[in-house]
Amino acid sequence: MRILLVEDEPLLGEAVATHLKKLHAVDWLQTLEAASGAMQAITYDLMLLDLNLPDGGGLDLLRSLRKSGQRIPVIVITARDQIRDRIEGLNSGADDYVLKPFDLDELTARIHSLQRRADAMPNPRFMIGNIEVDLAARTVWREAQEIRLTAREYAVLEYFARRLGAIVSKTKLEEALYEFGAEIESNTVEVYVSRLRKKLGSSAIRTVRGLGYRMDP
Ligand code: CA
């Protein structure tokens, strides 16, 4: 999952970005202008949005996104004493909010729960062929045996699991897995797909010639 974090407090931004990068690709930006620019280039899966930013209010960005029909899940980051902000945030189209200071593991849990809601996947545990995936516990089983995946391998699997039956291009996968500035080898996606096939079975991910890959439901 690729996350856009818009937060101008250096310590908080750093802490959140570092924590989330263990599992996801994160672009951390500190102004509305930078955030708007990034959103034109990249399709993000989720946005974490601070409300008071150097060049304006986060809610203005949120309102304009919703006005233009963008449904990206948004979690607003607000100060503990600003109840009005929270209400206004929810009324402006935020999906959830966290109060500063917040626990990073709780933030991660909220992100994953929001993602499942956005995907219309209320049940985090489901079967794909003979593979069982639990998106909440982040575990994968194959014929009753737990399969150990690295964080990136899991991220690739999750990307497919959330788009069963759809063709996923190499470019989209790279975009979902790596933030700006990350070094990507040209064969990175192929490497991860081949590792997953080894662990999950060679037919788990199909190659769609010239277009990308597909995981069938
Ligand atoms: Ca701020």
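Here the structure is a predicted model, which is why all the values come from computation and not from measurement. Counting starts at 1 for both ligands and their atoms, following the listed order.
- With Y213 as reference, I205 is the one residue of L196, I167, I205 to meet the side-chain contact (heavy atoms from CB on, under 4.5 Å) rule.
- In this structure, a donor-acceptor pair under 3.5 Å is present between the side chains of T207 and R197.
- If you look at the Ca ion (ligand 1), the protein N, O or S atoms less than 3.0 Å from it are D8 OD1, D50 OD2, N52 O.
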For residues 59-71, tabulate all N or O donor-acceptor pairs below 3.5 Å that involve a side-chain atom, not counting sequence neighbours.
from : atom 1 : to  : atom 2 : distance (Å)
D60  : OD1    : R63 : NH1    : 3.2
R63  : NE     : S92 : OG     : 3.3
R63  : NH2    : E88 : OE2    : 2.8
S64  : OG     : L61 : O      : 3.0
R66  : NE     : G93 : O      : 2.9
R66  : NH1    : Q70 : O      : 2.7
R66  : NH1    : I72 : O      : 3.0
R66  : NH2    : I72 : O      : 2.9
R66  : NH2    : G93 : O      : 2.8
R66  : NH2    : D95 : OD2    : 3.1
S68  : OG     : S64 : O      : 3.3
S68  : OG     : L65 : O      : 2.9

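- Listed by chain and residue number, nothing satisfies the salt bridge (charged side-chain N to carboxylate O under 4.0 Å, His left out) test with D85 (two or more places apart in sequence, or in another chain).
- Under 3.5 Å, the side chains of H24 and H112 contain a donor-acceptor pair of N or O atoms.
- Every salt bridge (charged side-chain N to carboxylate O under 4.0 Å, His left out) that E153 has, sequence neighbours left out, goes to R195, K199.
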